[in-house]
Peer 1: 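Sharing a structure with you now.
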Protein chains: 2
Amino acid sequence: MIDVVLADDHPVVRAGLRAVVDTQPDMRVVHETSTAEDLLAWLDGGGRADVILLDLRFGDARMGGAAATGAVVRRHRTPVLVVTTYGTDADILAAIEAGATGYLLKDAPTEELARAVRSAAAGEVALGADVQRRLLSRLRTPAENLSGRELEVLRLVAAGRSNDAIARELFVSVATVKSHLAHINTKLGTQSRTEAAAVARDRGML
Amino acid sequence: MIDVVLADDHPVVRAGLRAVVDTQPDMRVVHETSTAEDLLAWLDGGGRADVILLDLRFGDARMGGAAATGAVVRRHRTPVLVVTTYGTDADILAAIEAGATGYLLKDAPTEELARAVRSAAAGEVALGADVQRRLLSRLRTPAENLSGRELEVLRLVAAGRSNDAIARELFVSVATVKSHLAHINTKLGTQSRTEAAAVARDRGML
DNA sequence: CCGCCGATCAACCTTTCGGACGATGCGCGG
DNA sequence: CCGCGCATCGTCCGAAAGGTTGATCGGCGG
């Protein structure tokens, strides 16, 4: 029997995951949490599970799920299966780098979810079919000339922030932001922040 | 007894919605569909329901849920409650204009969802708390007072053009473009061209 | 008819951006 | 070990953008 913990701040999604898990004869939900703090507290308090189903947007949105994933993996040995509705390539990579055992989208078929849970419980890597496809297509086209930091800056630029605001948001100097932006414009072949934002939107880099 | 139809292409979300509905004593799920075509076919084939829970991203992503909502509302009288994970102001407005009875985000509490279903079944409007907040904040900042020319400029700004390029494109002087842009920033409450572009995108003004 | 608004332009000034340097430290792979 | 990419910061300068004020002109409605 595989003991599963659900960690998702959406009640509806939690109920959905529970429904899927409960209909599998070989697994059961042993705990539900809606915040990252609760999850860690439960685990620290002696909670035991074979797999944790974690929402990428779990808890604080800015941490992504990566921080929560990392915390769980570092402090406990429980495999973390990230389940999310959407997510960029960068999100997926971040989660995997943080130690997630698997990653799949919520629109994955029920059986795929169940299979992933079993794989994760067995310590195997379990990536959803579409996640695999995306990672592969990414390797084929290194469209991501942009470094992680540059992409971060680009996102804020596209959100309309000024260099100064971005600098404060990222805890760096304006000079650094300008430096990143210069590299972004070079790599994208753009002439200005606004044009870079437009191109980024078109290419789905956000 | 309120008969509910679930229309969502995410198996997990469907299961979650079903779990919520089934735990309410006064409602039940009578049908589930994963495509807009199936939903319409079921309704056309004599299917009866009191409320349809429809995912905004239901079916073809480009149609949004608005097209599906419109089709259902026009051909049948069933109240449609749009339930989605995310969505811009424009998405919400489009759904409501298409005839949706209500709109709420998937992270709404279980009771809020149940309440919304009862309201929708009774023919009342049911907007999620956060949806209401967003619509109100939008009304506070009058968006659509942009003149035709200003909107034209805004579009080019969002496309990443410089003032000079816009001026040449519209056969006016740079001063005029700057003048329009100044008015745009005033009306949108923005501080820069890039921020104006971001806001315009969010509000679906492009 | 006169006022208001939209569109057009101008001059002036301040702030912000962007380009062109250079410089440091860090980690990773040949 | 050394190079290279990444991230960090700095300076200088010119260009672009934004704010302010003010102006002309054409319609549209009271």
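Below, chain A is the first sequence line, B the second, and so on; all start at residue 1. Keep in mind the model is a prediction, meaning the values are calculated, not measured. All values below were derived from every heavy atom in this structure, side-chain atoms included, with hydrogens, water molecules and symmetry-related copies excluded.
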Peer 1: Return the residues of residues 178-186 of chain B meeting this criterion: a heavy atom under 4.0 Å from some atom of DNA chain C. Order them by number, or give none.
Peer 2: B/S179, B/H180
Peer 1: What I'd like to find out is whether the side chain of B/V51 reaches to under 4.5 Å of the side chain of B/I2, using heavy atoms alone.
Peer 2: yes
Peer 1: Please identify each residue that fulfils salt bridge (Lys or Arg N to Asp or Glu O under 4.0 Å) with B/R193, with sequence neighbours left out.
Peer 2: none
Peer 1: Who pairs with A/T110 by side chain to side chain contact (heavy atoms under 4.5 Å, CB included), at least two apart in sequence or on another chain?
Peer 2: A/V20, A/Q24, B/P11
Peer 1: Would you call B/L53 and B/D8 a side-chain contact if the rule is heavy atoms closer than 4.5 Å?
Peer 2: no
Peer 1: Could you give the angle between the helix axes at the two ends of the helix from C/dC1-D/dG30 to C/dG30-D/dC1, with five pairs per end, rounded to 10 degrees?
Peer 2: 40°
Peer 1: With sequence neighbours excluded, what pairs up with A/D38 under the salt bridge (Lys or Arg N to Asp or Glu O under 4.0 Å) test?
Peer 2: none
Peer 1: For a 4.5 angstrom cut-off between non-hydrogen side-chain atoms, does A/T194 reach A/V157?
Peer 2: no
Peer 1: Can you give the first and last nucleotides of DNA chain C, 5' to 3', that have an atom under 4.0 Å from a heavy atom of chain B?
Peer 2: C/dG6 to C/dA10
Peer 1: Okay, side chain of A/T176, backbone of A/V172: is any donor-acceptor separation there less than 3.5 Å?
Peer 2: no
Peer 1: Under 3.5 Å, is there a donor-acceptor pair linking the side chains of B/T190 and B/N185?
Peer 2: yes
Peer 1: Sequence neighbours excluded, which residues qualify as ring-ring contact (aromatic ring centres under 6.0 Å, His included) partners of A/H76?
Peer 2: none
Peer 1: Roughly how many Å is it from CD in A/E150 to P in D/dT8, rounded to a whole number?
Peer 2: 10 Å
Peer 1: Please compare B/S192 and B/R149 by the position of their nearest nucleotide in DNA chain C and report the one closer to 5'.
Peer 2: B/R149
Peer 1: Considering only heavy atoms, which members of residues 164-177 of chain B lie under 4.0 Å from some atom of DNA chain D?
Peer 2: none
Peer 1: Expressed as a whole number of angstroms, how long is the span from A/L146:CG to D/dA7:C1'?
Peer 2: 14 Å
Peer 1: Of all residues at least two apart in sequence or in a different chain, which pass the salt bridge (Lys or Arg N to Asp or Glu O under 4.0 Å) check with A/E152?
Peer 2: A/R149
Peer 1: Does any pair with a residue in residues 22-32 of chain A pass salt bridge (charged side-chain N to carboxylate O under 4.0 Å, His left out), and if so which ones, sequence neighbours excluded?
Peer 2: A/D3-A/R28, A/R14-A/E32, A/R18-A/D22, A/R18-A/E32, A/D26-A/R118
Peer 1: Return the set of residues passing salt bridge (Lys or Arg N to Asp or Glu O under 4.0 Å) with B/E169 (not counting sequence neighbours), or none when no residue passes.
Peer 2: B/R161
Peer 1: Under the ring-ring contact (aromatic ring centres under 6.0 Å, His included) definition, can you give me all pairs with a residue in residues 15-35 of chain A, not counting sequence neighbours?
Peer 2: A/H31-A/W42
